[in-house]
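Okay, so here's the structure we're looking at.
Below, read A as the first sequence line, B as the second, and so on, with proteins coming before strands; counting in each chain starts at 1.
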Amino acid sequence: MAFVPGQPLTAVVQRIEIQKLQERNNLILGFSIGGGIDQDPGQNPFSESKSDKGIYVTRITPGGPADVSGLMMGDKIMQVNGYDMTMVTHDYARKKLTKKSEVVVRLLVTRKSLEQAVKQSMGPKLTPQFDNTAWWRGRHPHDGVRSTGRASKERRGEERICFFMTA
Amino acid sequence: MTAVLPKLPRVRFALCARTLDNFRGSSLQQQQCRGFHWIFPHVLLINGGASHGNSELRCSHYARCAGRWTDPGCCCVKAPVLPVLESCDARCCSRMNSSNQRDSDIQKKIDHEIRMRDGACKLLAACSQRDQALEAAKSLQTCSTRIMAYMSELQRMKEAQVMQKVTRRSSDAGPMDDRLPCKGKVAISDLRIPLMWKDTEYFKNKGELHRCAVFCLLQLGGEIFDTDMVIVDRTLTDICFDNTIVFSEASPGFELRLELYSCCSEDDYSAGSTPRKLASKLSSSLGRSAGKKLRAAMEPGPCSPVSNGGASPLLLPVPSVPGPKYHLLAHTTLSLSHVQDSFRTQDLTISGNEESSYWVPLYGSMCCRLAAQPRCMTQQVMSGCLKVKQCGGDPQSWRKVYAVLKGTSLFCYHRQEDVEANVEPAFTIAVNKETRIRASEKDPHSKVQNICISNQYGGEEVTHTLTTDSREDTHRWMEAFWQHFYDMSQWKQCCDDLMKIEQPSPRKPAPVTPKQGSLYHEMVIESSDDPSSTVSDILARRLQELELRSQLGTSNPWMSLFEENNPKSAGRPRPCTSRLSGHSPCSPRRLPRSPMSPHRCPQLGLLSSDVSLTSDSDSHCSTSPCSQHHGWPEPSSNFSLMSSSPSRLRPRTLSLDAKLSTLRGRGFGGGGGTFHCPCQPAPSSLLAAIPISARSPLSQRSTQTTLSCSSSTSSNSSTNSESSHSPESSEGVPFSRPSPARRSLRNLRARLDPRNWLQSQV
């Protein structure tokens, strides 16, 4: 999605909670990611803007944990267990998703249809389509400084989530 | 109808003139003043596209019948003719009665080009990648130009026909003494256009590389060819086109028109979706030159030069298809005087200025090698039996020879068979510009005239005398000599020596660029798609795209593809639960049954391997839920089954794979086996066939071995220990069947290569 560097980014996100699946000595989630600040954004088939270096879901194993939880192909992952994913390298994102110590992964993902759905529901009806749709406000960390410390700060403080409306 | 006619003819007349004017510039001027007795038996009015505003023409076929115009299909003309050919209805062309064979040939060509053009339009609309779009736009331009050229040739032929009729009526055919010189082959190769970048481009411009796509269009007579497309940026000092283009029907007075087209090839600028505010902010915050270009690109760009009679560029405004548009950057015309056996520099006339988005700083000249091979040099002009006598020799020493006139010599062989056997001729008589040939007085001994050929060898004049068996033979030989001399005088320097022309080898299709090896790179997912059928849909579209792309490079008939245009089976979502029992019945595939030309196989194979690649990786994390619900058969037994069957006939459980593998097997026969998924080593591809066997012990181990293979060389996968690391499918690697060592090296390279777009499984 188009963003202006330095300005807060607003996005409609969906919370997705995925239970990792134990497979022998592996914990798997059942999807693939692509993207990252060290990757070529022009080759991302899912992004709206070809300069978007975010982490995108490129494939979902049908029937896998991610599929069951409602993750969809083409989703952009904004947060993983509180860790920001909008300005990270590919490997960092993968690591945060595949921590062996965590069995549950809570993602905030966004996709185009969410925003549209919310807009629709703002019209005639007042009940939203999604229960756990939330407005996600956070500073788009385009100022270049990346470190775990910052991420945790975001996790704690800056995540102002207001539930939009509940049925 | 007849009542209408008296009013209209004048309009029609003016119309025709102007239409044809657009075709061919001012050559019609003298025809116009002839008044109403228009000589055209057929006038073709082209269907004007809707985008041309208020002019409305419909195709009509006017036939001249008994001196009056009759109009089977009425036409209604509202406004003066504008440059046309937005959408030319070739069917109308075919309605013209052309008893002439050449007419129908040209019309076939026009039809063919129109189909190609339609295909290119469709591909352009379907393209998602910039490179493909550029290629498609280039084909579109070429097709449009060719259509134009064929149309004008058609008109010219009609003109000529009628002219002939007219002259025949007026005067009897006098002694037709005008010889026509022989035709020849003209080849242009090694085109090189030097560039002249400003220093500011290098030093001050820190922004992104400004790239342009350029290609050349070459036209000689009725033949139009285009070169490959080259991407130009400031790291290039010359634009080099490696193609050799050979025109086979050139007369000595040929005019080879070369045009250089360019198109800005920036991804960021092409998206019209960038909001205006952002765009203006960007353009003001970028460097001056880059911003200007951006602004130029953002505006509805200026039309390519509109042809309005006179010397117009070859291209007309192309149909309004979204996508990159090429603009004329420079042009030049070459003729016989430029022909030489070595490289020469020619001047280019540059159009366009620095402000245009498609500007490339040309130095102003161009280097190329233009060679010509007239037929008289390469083919036998005349051959037959003769008797030769050297002058000054024994009057009785006539030698019987079989003589062949070719190039600059008359080869005399002992026997006719020697010619085919490539035996050296008995002797050779030079026939070149210094040779004098004359018919001598009647020999008292024989009834026919002799032919004397005299050459200057050194300071000496040597004369050979030829005689034939009959007067007709002598005539024919003299005629042949005259024609030969005439040809040599016309072709001038080309007849001194035979110039070498390399026959361009049949072009292999441009391989899919390494970056775009993966299916998922080129898929664009619409959010509204029904997920269960998404992948099949996309694959169907991809296959079609690939087919279109491959067919663009050949002259394969498009019709078969477009007749089955909407893939019938694409929409049908396939249930995922097909069994492990050999080939699942594959759908009557949407791909046309038309024989796939061999060079298409690699690309389709590539696609299949892509899909199998993804399904392979898929299988890795295909998990217990699957197995529990569907109760798959025992992994281990199946695994052994798998290992026994050759990869080509891998039964697939995922429906997608089944379809594609049968496709592979059917379509390509032996070729199917070669297209493995290269990025993962064989063992894992075997077990891919069994989705649930991802959990079998064997598979895991082989997975691990894969990992260790790649991790040994990669720096990143030290993370193996902490994560459930499954093999990364690094898609940036060109597909082939590499050895394990090379594969891991490639993985490493792929991972470190910033131009890739890695995907990881989690």
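Contact detail for B:Leu758 and A:His90: the closest heavy-atom pair is O-CE1, 3.1 Å. Scanning both residues, B:Trp757 and A:Gln43, for their nearest heavy atoms gives CB-CB, 3.7 Å.
Partners of B:Ala133 according to the side chain to side chain contact (heavy atoms under 4.5 Å, CB included) rule, which considers only residues two or more places apart in sequence or in another chain, are B:Leu124, B:Cys127, B:Pro324.
Taking CD1 of A:Ile28 as the start and CD of B:Gln761 as the end, the distance is 8.0 Å to the nearest 0.5 Å.
A side chain to side chain contact (heavy atoms under 4.5 Å, CB included) with B:Gln759 is found for exactly one of A:Val57, A:Thr58, A:Ile33, namely A:Thr58.
Applying the salt bridge (Lys or Arg N to Asp or Glu O under 4.0 Å) test to pairs two or more places apart or on separate chains, those with a residue in residues 60-75 of chain A are A:Asp75-A:Arg111.
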